[in-house]
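Report on the structure given below.
Values reported hereafter were calculated over all heavy atoms of this structure, with side chains retained and with hydrogens, waters and symmetry mates removed. Reminder, nothing fancy here: chain letters follow the sequence lines and each chain counts from 1.
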Amino acid sequence: MAQTPSSYSRRTQNPISYPVAEGEERSSDSTTTIGIVTGIRQDIDISRILYPFAEIVREEIRSMEERMIERIDYRIYYRINELKRQNIEEEGATEKVIMLRSISREQAKEEIMALLDESDKLYYSDIAEALRLDLELVVEIIQELEAEGKVGEAE
Amino acid sequence: MPETLFAKGDGIKGDKITVQCREHHFSGRPIKGTSRDKLQRGSLEGTVYCIVDKPLKSLRKSVQHID
């Protein structure tokens with residue numbers, strides 16, 4: 001427990017030693033003169049009067065800081081959880097599984113031709129993705145269609 | 001099955017190469033020393049199938065359009 005002055009003391013007397021917070025300089029000019037009205041000059045060390053209150057204020061600030069840290073901790077925890085949830089949702093979206101269709105070769109050929117008829121320019125990858133077909137099957141069918149003269153390279 | 005033209009150790013070059021594989025590893029870091037510093041390097045693993053992609057169009061539609 002910190003030592004507190006029990007009473008006012010004159011400047012001329014030996015001052016009671018009281019603790020000073022770390023990093024805080026003891027003021028050498030913390031006295032003021034009172035008693036002008038009564039005609040009795042009395043120098044009083046203001047810092048000694050305020051010292052007990054300063055301790056109370058320090059305690060209160062410490063308590064407030066702790067409460068704030070608790071709140072900040074909770075907010076950080078909440079934000080981290082929110083980001084984790086978003087990340088899981090986004091990863092889930094990017095890892096969406098494309099189910100390849102199992103259709104007959106003839107049907108696949110017709111669908112590829114119909115898709116190319118509707119579009120100006122398509123890549124193998126576009127066709128495979130649009131029709132949800134295996135890339136190798138698409139390449140094979142396109143090669144057949146090219147040989148038949150139904151499909152050609154776009155500019 | 002489409003004809004396989006490349007064997008182990010061969011290189012494939014093209015503007016667009018479409019691939020199908022089980023795993024892909026790309027650092028996503030540009031490689032310095034190239035003209036635009038945008039070259040990236042990676043690898044594909046597991047039953048890799050590549051095709052040098054090209055834009056395709058229906059010639060049937062073109063013929064109909066001309067008629």
Side-chain angles (χ1 to χ4, degrees), chain A residues 83 86-88 90-155, chain B:
Chain A
L83 289 169
Q86 281 176 3
N87 192 33
I88 288 164
E90 282 169 11
E91 276 188 2
T94 54
E95 289 181 359
K96 191 179 174 184
V97 177
I98 298 167
M99 294 292 288
L100 291 180
R101 295 186 303 151
S102 17
I103 55 172
S104 70
R105 190 186 179 80
E106 283 307 309
Q107 193 186 338
K109 205 170 180 176
E110 282 175 21
E111 287 188 15
I112 289 170
M113 271 313 300
L115 188 68
L116 284 166
D117 283 341
E118 290 170 8
S119 316
D120 291 332
K121 189 170 77 174
L122 285 174
Y123 287 87
Y124 290 105
S125 49
D126 299 328
I127 297 165
E129 198 172 326
L131 299 175
R132 287 193 287 130
L133 293 172
D134 182 58
L135 185 64
E136 287 189 54
L137 178 68
V138 171
V139 172
E140 202 177 326
I141 290 171
I142 292 289
Q143 284 177 351
E144 281 180 15
L145 289 167
E146 278 184 320
E148 292 169 15
K150 292 177 182 174
V151 170
E153 190 173 344
E155 291 176 5
Chain B
M1 290 289 285
E3 189 184 359
T4 304
L5 298 170
F6 291 86
K8 284 181 183 178
D10 290 340
I12 304 169
K13 204 168 186 179
D15 284 330
K16 184 178 181 180
I17 293 174
T18 298
V19 299
Q20 197 170 260
C21 62
R22 293 194 190 280
E23 282 183 39
H24 61 88
H25 306 282
F26 274 82
S27 65
R29 292 178 187 166
I31 298 168
K32 275 221 161 197
T34 57
S35 59
R36 292 182 189 176
D37 285 346
K38 281 184 180 176
L39 195 67
Q40 291 173 32
R41 195 180 289 141
S43 64
L44 311 169
E45 288 175 24
T47 327
V48 181
Y49 177 75
C50 300
I51 179 85
V52 182
D53 222 330
K54 62 178 180 180
L56 299 160
K57 67 174 181 180
S58 169
L59 296 176
R60 191 169 65 177
K61 188 177 70 174
S62 306
V63 171
Q64 284 172 353
H65 185 69
I66 290 163
D67 290 343

| message | In the structure I gave you, are the side-chain heavy atoms of His24(B) and Val19(B) within less than 4.5 Å of one another anywhere? | response | no
| request: Examine whether an atom of Leu56(B) lies under 4.5 Å from a heavy atom of chain A, and if so say whether it belongs to the side chain, the backbone or both; otherwise answer neither. | output: both
| request: Using the test salt bridge (Lys or Arg N to Asp or Glu O under 4.0 Å), find all partners of Arg105(A) that sit at least two apart in sequence or belong to another chain. | output: Glu140(A), Glu144(A)
| request: Identify which part of Ile142(A) has an atom lying under 4.5 Å from any heavy atom of chain B, answering side chain, backbone, both or neither. | output: side chain
| query | Any chance CZ of Arg101(A) has more than 12 other-residue heavy atoms, nucleotides or ligands included, within less than 6.0 Å? | reply | yes
| note | Sorted by chain and residue number, the salt bridge (Lys or Arg N to Asp or Glu O under 4.0 Å) partners of Lys54(B) (sequence neighbours excluded) come out as Glu146(A)
| message | Heavy-atom cut-off 4.5 Å, strictly under: side chain, backbone, both or neither for Ile112(A) against chain B? | response | neither
